[in-house]
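Please find one structure pasted underneath; my questions will follow.
Just so it is clear, the structure is predicted and the values come from calculations on it, not from any experiment. A, B, ... follow the sequence lines: proteins, then strands. Residue 1 opens every chain.
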There are 2 protein chains.
Amino acid sequence: MVADASYATSLMIQKLESIFSLSSEEKQALQDLPVQVEVLKPEQDIVRIGDQPSQCCVVLEGFTCVYKLTSDGKRQILALHVPGDMPDLQSLHLQVLDISIASISSCKVGFIQHDCLRRICERHPRLTAAFWRETLVDASIYRDWILNIGQRDAYSRVAHFLCELLMRLQAVRAVKGKAFHLPITQAQLADAIGITSVHMNRVFQALRSDGLIDATRGKVAILDWERLREEGDFDPLYLHLRKPRSA
Amino acid sequence: MVADASYATSLMIQKLESIFSLSSEEKQALQDLPVQVEVLKPEQDIVRIGDQPSQCCVVLEGFTCVYKLTSDGKRQILALHVPGDMPDLQSLHLQVLDISIASISSCKVGFIQHDCLRRICERHPRLTAAFWRETLVDASIYRDWILNIGQRDAYSRVAHFLCELLMRLQAVRAVKGKAFHLPITQAQLADAIGITSVHMNRVFQALRSDGLIDATRGKVAILDWERLREEGDFDPLYLHLRKPRSA
DNA sequence: CGACGCCTTGAAGGCGCTCAATCAACGTGG
DNA sequence: CCACGTTGATTGAGCGCCTTCAAGGCGTCG
């Protein structure tokens with residue numbers, strides 16, 4: 001897969017179009033956005049807390065994560081972003097970053113200047129709404145993570161997490177059958193779930209021996225979707241995915 | 001304090017003005033917003049998950065909370081909202097609610113029709129940005145709660161929570177000295193922190209006996225701000241409060 | 001005064017953490 | 001080709017934070 005600037009804008013268009021149809025002017029405006037593509041190694045910072053960026057990023061390939069550290073150095077991953085996501089769209093209106101963003105595995109990201117995005121929003125109010133909506137869906141996912149981490153035990157949390165990931169990756173057609181590529185270490189997963197890597201490992205083994213998943217070498221296969229959903233207490237409402245068009 | 005419709009709009013204006021100055025047209029447009037005021041008893045739902053509201057609410061007096069339940073009935077409070085906040089601004093662009101909102105104690109809230117907000121946004125792009133920004137700050141607070149719940153122990157979590165609350169209430173001038181009114185039960189607090197009410201009680205006692213706070217009967221006084229900040233590992237960056245003007 | 005809500009306290013147990021060692025897979029350089 | 005270092009997955013033992021389950025205290029209000 002070649003991830004160049006035009007691929008970046010087409011990813012964005014595809015995502016926005018899953019919500020409402022874009023006019024040809026709107027599409028053209030998006031296609032004309034200048035995007036600078038960069039390749040990243042694993043665990044590499046893209047932006048850092050305290051920065052005052054003048055651009056937003058779009059994930060093109062691989063995964064990125066939003067994270068924060070406690071003063072004693074413990075890391076919490078606050079969000080995982082998949083191709084098509086814009087992890088720091090917020091920086092358009094919040095001057096100083098309250099988070100850091102890093103690559104999980106090797107990945108490609110595109111950068112778009114704030115100026116360009118602001119100009120496009122001025123001229124196309126519906127795109128403003130669409131971008132705003134993107135940040136609202138992000139917030140909704142943050143909320144669900146609070147519930148997940150705050151109220152469920154580790155087994156359930158991981159199940160829930162995997163359910164979410166499957167659905168989000170399905171939305172960008174990155175799932176074959178019920179399996180997807182997940183180049184992420186157990187330690188990284190643990191940071192996202194809010195447990196230690198040791199315990200993450202034991203939970204994974206439990207999920208495997210219960211026949212819910214098969215996970216090896218950067219790949220995850222959901223073997224029993226129904227039970228995983230149940231164990232994870234998962235309801236996709238909060239993802240605000242467009243229902244498959246019935247009309 | 002009388003909380004009528006004009007009080008509601010003046011609260012909103014005050015909050016937006018803490019970020020950037022509003023023109024007189026913008027202020028007038030906000031003042032002209034029709035607001036319907038309602039009085040609520042404690043623990044009363046305002047909107048419920050799955051709803052498709054046609055209006056947003058503004059907190060006028062007291063506290064409201066955003067919450068979600070697990071399937072086995074455990075409640076996680078995802079956010080606390082203070083006067084001036086708009087807990088469900090998101091519903092402007094996300095049709096179906098992924099959360100429930102309820103009063104914590106007795107409180108007053110105002111309701112504003114989506115139509116009115118949309119119209120005002122069309123005519124005043126800077127207000128669009130301001131409202132968008134509000135939702136982004138909410139998201140930032142959600143993120144910090146994930147870190148708090150995911151990585152810190154109960155003692156530290158509660159300290160952090162109290163620090164946040166103090167700063168947010170100071171921003172709306174609801175703090176005298178270092179004390180504020182907090183009509184909330186330990187069980188409700190526990191739901192916000194992600195621990196049980198039993199343990200919440202013990203943590204409170206520890207904070208008291210350590211001389212950090214004094215909490216009785218719906219009131220909290222911060223006795224040692226410096227140490228509370230330290231124990232809570234608190235950095236207000238994520239609140240995106242406007243710095244006190246130095247110019 | 002009794003009922004109710006909330007705070008408080010005790011005891012026991014479990015989930016997840018810490019610390020540490022081992023194993024497996026892989027890339028590198030000699 | 002193999003020794004070696006590195007990185008990530010795995011396993012074990014012990015412990016501690018927090019939960020669960022109860023019961024009791026205390027203030028408020030009908």
Just how far, in rounded Å, is C1' of C:dG16 from CD of B:Q151?
-> 13 Å
Are a donor atom and an acceptor atom from the side chains of A:T70 and B:D233 found within less than 3.5 Å of each other?
->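 No, B:D233 and A:T70 have no side-chain donor paired with an acceptor closer than 3.5 Å.
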Which nucleotide of DNA chain D is the first, and which the last, in the 5' to 3' direction, to come under 4.0 Å of a heavy atom belonging to chain B?
-> D:dC18 to D:dT28
Nearest heavy-atom contact between A:C107 and A:E61 is CB-O, 2.7 Å
Count the heavy atoms of every other residue, nucleotide or ligand shown that sit under 6.0 Å from CZ of B:R227, and state whether that count exceeds 12.
-> yes
Taking everything shown except B:R208 itself, do over 12 heavy atoms lie less than 6.0 Å from its CZ?
-> yes
Scan side-chain atoms only and decide if B:D138 and A:Y142 contain a donor-acceptor pair under the 3.5 Å cut-off.
-> no
Reading nucleotides 3-10 of chain C 5' to 3', which nucleotides get B (base under 4.0 Å from a protein heavy atom), which S (sugar-phosphate only), which -?
-> ---SSSBB
Please state whether the rings of B:H160 and B:Y238 are parallel, tilted or perpendicular, taking 30° and 60° as the class boundaries.
->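 The rings of B:H160 and B:Y238 lie parallel, inter-plane angle below 30°.
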How large an angle, rounded to 10°, do the end axes of the helix from C:dT8-D:dA23 to C:dG30-D:dC1 enclose when each is built from five base pairs?
-> 30°
Centre of A:F234's six-membered ring, under 6.0 Å away, within 45 degrees of the axis: is that where NZ or CZ of A:R229 sits?
->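 Checked: cation-pi criterion not met.
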Taking the inter-plane angle between the rings of A:W145 and A:F161 on a 0 to 90° scale, is it parallel (under 30°), tilted (30 to 60°) or perpendicular (over 60°)?
-> perpendicular
Would you call B:K219 and B:D214 a salt bridge, using N to O less than 4.0 angstrom?
->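 The answer is no: the pair does not qualify as a salt bridge.
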Would you please say whether a donor-acceptor pair under 3.5 Å links the side chains of A:R75 and A:Q188?
->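 A:Q188 and A:R75 do not have a side-chain donor-acceptor pair below 3.5 Å.
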In whole angstrom, what separates A:I195's CD1 from C:dC17's P?
->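 The answer, rounded to whole Å, is 6 Å.
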